[in-house]
Trainee: 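Input: one structure, supplied below.
Proteins get letters first, then strands, A, B, ... in listed order; numbering begins at 1 in each.
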Number of protein chains: 2
Amino acid sequence: MKATRKSTEEKLLLAARRLFCRAGIHATGITRILEEAGVARASLYTHYGSKENLLKAVFDTEANMWFHWFDLDLPGLECSARERILALFDLLEKWFEKEDFFGCVFINAVAEHEKDSAWVKDVAVTYRDQIISRLGALVGESGAKDPDIVTQKLGLIIEGAIVTAMVTQNSQAAHIARLTAEDILRCMECSPSLPEGSVSSATAAAMESA
Amino acid sequence: MKATRKSTEEKLLLAARRLFCRAGIHATGITRILEEAGVARASLYTHYGSKENLLKAVFDTEANMWFHWFDLDLPGLECSARERILALFDLLEKWFEKEDFFGCVFINAVAEHEKDSAWVKDVAVTYRDQIISRLGALVGESGAKDPDIVTQKLGLIIEGAIVTAMVTQNSQAAHIARLTAEDILRCMECSPSLPEGSVSSATAAAMESA
DNA sequence: TCAACAATAGACCGATCAGTCTATTTTTAT
DNA sequence: ATAAAAATAGACTGATCGGTCTATTGTTGA
């Protein structure tokens with residue numbers, strides 16, 4: 001608990017992070033950020049130079065949240081790797097419960113920016129790789145038979161939980177994701193396919209939709 | 001296969017749907033839609049009245065895609081309910097493989113609009129409920145012990161697959177989601193918790209992150 | 001005390017946006 | 001063939017945006 005006054009830089013960063021997620025990046029004007037931060041217009045440009053750089057700084061802080069989870073919070077738990085994987089979903093739940101949770105700034109930013117050749121997507125994918133890599137290390141420790149597939153499954157339900165929580169504005173998505181993670185872990189060493197055969201051939205005929 | 005020429009209305013709708021997803025809604029100007037549609041400026045306003053109404057029309061077409069899957073494609077398959085659930089992920093994969101797939105317009109729209117008191121979120125949530133309801137009916141047919149939880153799990157991995165496919169631009173997310181769905185279905189009648197106890201208490205201590 | 005710096009308010013600029021309007025051409029139906 | 005309807009190009013408007021600039025006020029450290 002530092003008693004230090006929040007710096008101008010911090011005030012801008014926090015307001016931008018909140019508004020970019022709550023209202024969208026394009027929809028959030030510089031003026032609104034300045035109002036919420038309680039900071040003068042020129043200060044934004046002396047500290048960050050542009051709205052784009054401010055967004056990059058917001059990306060960094062969001063990535064640091066994830067790195068903090070994987071590099072400090074989860075390793076501090078005295079439990080098995082499998083339990084650490086499940087504990088990740090408790091961290092997600094705490095995140096979703098915050099009053100100013102409005103989705104992941106990476107996902108939201110990608111959603112509202114050009115998907116071909118845009119720096120936003122490149123930055124988001126780079127950070128995503130770093131996060132998935134840490135998740136993969138955790139899965140590796142758990143002794144999964146096919147760690148890559150398990151990692152991809154877990155990454156998918158993490159993203160699903162974030163989006164579900166954003167859209168429904170309900171932190172329960174983390175709990176559902178945790179239950180799903182338990183299913184994945186329970187099936188980790190079982191046979192890779194269902195008793196009944198695949199239906200992928202029967203499905204192919206059913207496609208002519210708009 | 002109709003040989004009918006595409007109407008002005010359709011051309012606008014298709015261009016808008018593609019651009020809203022590929023580049024974002026705010027980032028897509030009217031002029032760009034008109035260029036891609038090959039349509040005059042005034043035609044947009046005679047047919048739709050405003051950019052907002054055009055977005056609503058795009059929402060309708062995307063919802064109809066889902067309704068077509070649940071109400072026509074999947075019921076047409078001669079297989080068990082469980083297999084129909086899995087077949088949904090094959091439909092998703094076909095969707096992701098389209099060259100102009102850039103995410104779900106509902107998710108993307110929510111991501112870039114105000115999350116408190118905005119019509120965009122309300123419309124998206126309404127359609128989401130209708131889709132989840134159809135998914136729930138399918139799960140009910142499969143004889144799941146706890147159909148509500150299973151439905152929420154499946155809904156979550158569907159959203160996860162869509163976002164993963166959007167961010168990574170890789171249709172393989174549908175396959176991972178299908179494998180996860182198989183895990184969920186396989187665990188459907190098993191005991192609801194892992195052999196080892198929960199770690200939720202041990203996790204609570206690890207939270208002070210930014 | 002006073003100079004160097006940081007932050008302030010707010011006018012201002014050029015660009016872009018959604019939407020309107022006019023005048024012209026093309027299509028359609030009879 | 002011709003009149004009505006639909007679509008066209010493109011100029012135009014008012015509002016908003018990101019970013020710059022000036023002038024003033026606090027704040028800090030020697």
Side-chain angles (χ1 to χ4, degrees), chain A residues 2-59 105 108-109 111-114 117-120 123, chain B residues 2-59 105 108-109 111-114 117-120 123:
Chain A
K2 283 199 269 185
T4 319
R5 200 89 212 93
K6 257 189 293 188
S7 71
T8 304
E9 221 165 355
E10 274 178 323
K11 286 191 280 189
L12 283 168
L13 198 59
L14 290 173
R17 186 163 127 110
R18 193 178 330 121
L19 285 171
F20 284 164
C21 281
R22 187 201 303 162
I25 297 159
H26 285 107
T28 298
I30 291 294
T31 307
R32 194 166 162 204
I33 298 175
L34 298 168
E35 284 169 0
E36 284 240 350
V39 153
R41 197 170 184 82
S43 299
L44 190 153
Y45 290 95
T46 61
H47 283 289
Y48 293 100
S50 69
K51 186 186 181 184
E52 190 170 305
N53 285 340
L54 182 56
L55 176 60
K56 285 181 187 169
V58 170
F59 281 164
V105 73
N108 292 3
E112 66 169 300
H113 283 86
E114 196 82 31
S117 68
W119 70 269
V120 167
V123 170
Chain B
K2 283 199 268 186
T4 320
R5 200 89 212 94
K6 257 188 295 188
S7 71
T8 305
E9 221 165 356
E10 273 178 322
K11 286 191 280 188
L12 283 168
L13 198 58
L14 291 174
R17 188 167 129 116
R18 192 177 332 121
L19 285 171
F20 284 164
C21 280
R22 186 201 302 163
I25 298 160
H26 286 106
T28 299
I30 291 294
T31 306
R32 195 167 161 200
I33 297 175
L34 298 169
E35 284 169 359
E36 284 241 349
V39 154
R41 196 169 186 83
S43 298
L44 190 153
Y45 290 94
T46 61
H47 283 287
Y48 294 100
S50 68
K51 186 185 181 184
E52 190 169 305
N53 284 340
L54 182 56
L55 176 59
K56 285 180 187 168
V58 170
F59 281 163
V105 73
N108 292 3
E112 66 169 301
H113 282 86
E114 197 83 33
S117 69
W119 70 269
V120 167
V123 171

Trainee: List the atom of B:K11, the atom of B:G38, and the distance in Å for their closest heavy-atom pair.
Mentor: NZ-O, 4.3 Å

Trainee: Which pair of heavy atoms, one from A:A111 and one from B:E112, lies closest together, and at what distance?
Mentor: O-OE2, 4.5 Å

Trainee: Under 4.0 Å between a side-chain N or O of B:S43 and OP1 or OP2 of D:dA7?
Mentor: no

Trainee: Provide, to the nearest angstrom, the distance between the CG atom belonging to A:L44 and the P atom belonging to C:dA7.
Mentor: 12 Å

Trainee: Consider the side chain of A:T8, meaning its heavy atoms from C-beta on, and name the nucleotide among C:dA7, D:dA7, D:dT20 that approaches it most closely.
Mentor: C:dA7

Trainee: So which nucleotide from D:dA9, D:dC21, C:dA7 ends up closest to the side chain of A:A42?
Mentor: D:dC21

Trainee: Quick one, A:V58 and A:Y48 - any side-chain contact, counting heavy atoms below 4.5 Å?
Mentor: no

Trainee: So B:F20 and B:L55, side chain to side chain contact (heavy atoms under 4.5 Å, CB included) or not? Walk me through it.
Mentor: CA-CA 8 Å; B:F20 284 164; B:L55 176 59; 3.8 Å; yes

Trainee: Quiz question: going by heavy-atom distance under 3.5 Å, is there a donor-acceptor pair between the base of C:dG10 and the side chain of A:R41?
Mentor: no

Trainee: Using the side chain to side chain contact (heavy atoms under 4.5 Å, CB included) rule, take A:H113 and A:H26 through it: C-alpha gap first, then chi angles, then the decisive distance, then the call.
Mentor: CA-CA 9 Å; A:H113 283 86; A:H26 285 107; 3.6 Å; yes

Trainee: Test B:L44 against B:L34 for side chain to side chain contact (heavy atoms under 4.5 Å, CB included), laying out the working first.
Mentor: CA-CA 8 Å; B:L44 190 153; B:L34 298 169; 3.9 Å; yes

Trainee: Just wondering, do A:H47 and A:V39 contact through their side chains at under 4.5 Å, heavy atoms?
Mentor: no

Trainee: Between P on D:dA7 and CD on B:E10, what's the gap in Å once rounded to a whole number?
Mentor: 12 Å

Trainee: For residues 25-37 of chain B, which residues have at least one heavy atom under 4.0 Å from DNA chain D?
Mentor: none

Trainee: To the nearest 10°, give me the bend of the helix from C:dT1-D:dA30 to C:dT30-D:dA1, comparing the axes of its five terminal pairs at either end.
Mentor: 30°

Trainee: Minimum heavy-atom separation for A:K51 and A:I25, please, with both atom names.
Mentor: NZ-O, 2.9 Å

Trainee: Check the distance between D:dA6's P and B:K11's NZ and give it to me in whole angstrom.
Mentor: 15 Å

Trainee: Got A:L54 and A:I33 here, is their nearest side-chain heavy-atom distance under 4.5 Å?
Mentor: yes

Trainee: Which residues in residues 45-54 of chain A have at least one heavy atom lying under 4.0 Å from any atom of DNA chain D?
Mentor: A:Y45, A:S50, A:K51

Trainee: Before giving the answer on side chain to side chain contact (heavy atoms under 4.5 Å, CB included), spell out for A:R41 and A:I30 the whole-Å C-alpha distance, their side-chain angles and the decisive distance to 0.1 Å.
Mentor: CA-CA 8 Å; A:R41 197 170 184 82; A:I30 291 294; 4.0 Å; yes

Trainee: Give me the atom names and distance for the closest heavy-atom approach of B:S50 to B:N53.
Mentor: OG-N, 3.1 Å

Trainee: Using whole Å, report how far CG of A:L19 lies from P of D:dG18.
Mentor: 12 Å

